[in-house]
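The block underneath contains the structure these notes are about, expressed in structure tokens.
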There are 2 protein chains.
Amino acid sequence: MPNALSPLAHKLSNFAILSETEMGVLDDMHRRRRNFAVGHDLVLQGQTRQAAFILAKGWVCSYKLLRDGSRQIVDIQIPGDFLGLRSVLFRTADHNIEPITEIEASEVLGKDLLGAFSKHPRLASAVLWAASCDEAMVVEHLVGLGRRNARERMAHFLLELSTRLMLVGLGTPAGFACPLTQYHLADALGLSAVHVNRVLRELREDGLVTFQYGQVTIHNLDVLTDLAEFDRSYLDQEGPLLR
Amino acid sequence: MPNALSPLAHKLSNFAILSETEMGVLDDMHRRRRNFAVGHDLVLQGQTRQAAFILAKGWVCSYKLLRDGSRQIVDIQIPGDFLGLRSVLFRTADHNIEPITEIEASEVLGKDLLGAFSKHPRLASAVLWAASCDEAMVVEHLVGLGRRNARERMAHFLLELSTRLMLVGLGTPAGFACPLTQYHLADALGLSAVHVNRVLRELREDGLVTFQYGQVTIHNLDVLTDLAEFDRSYLDQEGPLLR
DNA sequence: TTGTCGCATTGACGCAGGTTAATCCGCTTG
DNA sequence: CAAGCGGATTAACCTGCGTCAATGCGACAA
């Protein structure tokens, strides 16, 4: 891989072969580098004039709050992911984005992004295309929430995370470092924290996965994959379609 | 509205001001008009070389099948919606699309779509942009499945349908014609058909909505909206952003 | 040192919603 | 006409998961 190719540029090159100019525009988007601490949300539900972000380091989650105080995590994002795109497209954010760890991200102002999209439609396509592929992940979550039980959901979630992290070099087939709490898992999987704990114990006792001390260790990938009915193909790309 | 403006063109004009040429390309996509009967899926999970479709008439649903035979409906589509976009972008479909009624749809071959996208990137942006807004709907479903109970889910689902149908002139605030069976509702809401029936009875007895004889009648919009915590803003557009 | 705060863990108990199965109705088909 | 089928409806029963509550433990601050 050429030097100085950002994770995002790398990702987008799966969708379109970008010109020097377009790559330059992409680089420009990395000028406003910012850090965020845990507890300081990047994007807030209902706020307008939001910026988008390109995540360079750390983990975040996007979630929606309900009136009764419960929340549903829609998506966990890891380095290389684009954040808050919809909040720019819609002008007003429909979800919150919270750092799970300290993070480093490049802020892209709404008007800059829209400007770049207008001038470089091919770049726009690549970005929106990538976003539309992220949707496949959301759909998988939806299926899990609707039709899988707690064990299966958990297994699927951990396998998906593992696969995504491996794609950006942050994990091995044996496991990965994971900053999520059991409360995060509960909010992502539509469960209670208590039940998350029960399920994790079962999976551990059955010798399938261990989720402990900030580390996920996969003991039996095959059985886990089968349990979760996990098919990684929705996470893979197969080369650029837009030439 | 100018004559001969297709529902899709109308929808896309919310996202980008399209040129005559681009409108022409869009029109060309409507050449291969096809009809499908109930029971003949348009797109099949796992198949490659899929076409996309623009729905002109009737309802369809996209769903995923699980090993145990259960299924989860991800989305219901109504006239004006674009179908199977992801199955073209990914080259192989990750979901099925089934007609709920007899439908009329324009088939757009994968290579034609990709060709048009390459030559008219602005058009591509508009289409992908619209798709990314459809994602907001999927996210709402996800939140419902994760954090709402059966009553709330049902109320939310019916209100969303009502709003979408009104936007294309197929419903009024008082109700709409609805070809869905209670099995469809069950598969969409992650419930059993039996429980769907229970919930519908309750809502009817409480004087909120009636779902009967292919007709949804909304008796008390305010209470229903409050029960569902329904906020229609995610379905609205506010004028084109891409000029 | 002591208090507190976030997170993990476990037990007891209850309920929303699943499962099974029976019945009914209207439509189609032979 | 009977038979079959898709869909709606209801009752009886059961279970996966939520809720509540208590405990432990490490990190950090006063």
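Protein chains get the first letters and strands the later ones, always in sequence-line order, with residue 1 at the start of each.
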Worksheet item: Can a donor-acceptor pair be found between the side chains of A/E160 and A/Y234 at a distance below 3.5 Å?
Response: yes
Discussion item. Measuring from the side chain of B/A150 (C-beta onward, heavy atoms only), which nucleotide among D/dG18, D/dA8, C/dG17 has the closest atom?
Written reply: C/dG17
Fill in: Between B/R232 and B/T163, a side-chain donor and acceptor under 3.5 Å
no
Worksheet entry | Whole angstrom value for the distance that separates C1' of D/dT23 from CG of A/N197 | 13 Å
Worksheet item: So, are B/R31 and B/E107 salt-bridged, with charged N and O less than 4.0 Å apart?
Response: no
Item to complete: For A/T181, answer base if it contacts any base atom (sugar-phosphate contacts may also be present), sugar-phosphate if it contacts only those atoms, and nothing otherwise; contact means non-hydrogen atoms under 4.0 Å.
Response: sugar-phosphate
Worksheet item: Which listed nucleotide (D/dT19, D/dT9, C/dG18) is nearest to the side chain of B/R204?
Response: D/dT9
Worksheet, complete the sentence: note: B/R148, atom CZ; D/dG18, atom P; distance rounded to Å ~ 17 Å
Worksheet item: To the nearest Å, how far apart are A/Y213 OH and D/dA27 P?
Response: 12 Å
Worksheet entry | A/E140/A/R153 salt bridge by N-O under 4.0 Å criterion | no
Discussion item. Once you apply a heavy-atom cut-off of 4.0 Å, does A/G190 come out as touching a base, just sugar-phosphate, or nothing?
Written reply: sugar-phosphate
Discussion item. Counting the atoms with a prime plus P, OP1 and OP2 as sugar-phosphate, which does B/L200 contact under 4.0 Å by heavy atoms, base, sugar-phosphate, or nothing?
Written reply: nothing
Worksheet, complete the sentence: Result for 5'-nearest mapping on DNA chain D, choosing between B/H184 and B/R198, is B/H184
Worksheet item: Is the phosphate of C/dA8, meaning OP1 or OP2, less than 4.0 Å from a side-chain N or O of A/Q212?
Response: no
Discussion item. Does B/V199 reach a base, just sugar-phosphate, or nothing at all? Heavy atoms under 4.0 Å.
Written reply: nothing
Worksheet, complete the sentence: Here the distance between atom C1' of C/dC7 and atom CG of A/L185, to the nearest Å, is 12 Å
Worksheet item: Does OP1 or OP2 of C/dT10 have a side-chain N or O of A/R201 closer than 4.0 Å?
Response: yes
Item to complete: Calculate the interatomic distance between A/H195 atom NE2 and D/dG16 atom P; express it in whole Å.
Response: 9 Å
Worksheet item: Where the side chain of A/Y183 is defined as all heavy atoms beyond and including C-beta, which of C/dT9, C/dA8, D/dG18 is the nearest nucleotide?
Response: C/dA8
Worksheet item: Can A/R33 and A/S106 be counted as having a side-chain donor-acceptor contact under 3.5 angstrom?
Response: yes
Discussion item. Applying salt bridge (Lys or Arg N to Asp or Glu O under 4.0 Å) to B/R147 and A/D68, what does each step give before you reach the verdict?
Written reply: CA-CA 10 Å; B/R147 291 296 180 206; A/D68 67 359; over 6 Å; no
Fill in: Inter-axis angle, terminal five-pair segments of the helix from C/dT1-D/dA30 to C/dG30-D/dC1 [nearest 10°]
30°
Worksheet item: Regarding A/S192 and A/H195, is there a side-chain donor-to-acceptor distance under 3.5 Å anywhere?
Response: no
Worksheet, complete the sentence: Between B/S192 and A/A193, whichever has its closest DNA chain C nucleotide further toward 5' is A/A193
Worksheet item: Atom CD of B/Q182 to atom C1' of C/dG17: distance rounded to whole Å?
Response: 16 Å
Worksheet item: With a 4.0 Å cut-off, would you call B/R67 and A/E152 a salt bridge?
Response: no
Fill in: Atom-to-atom span, CZ of A/R147 to P of C/dG17 - whole angstrom
13 Å
Worksheet item: Between B/N149 (CG) and D/dC17 (P), how many Å, whole number?
Response: 17 Å
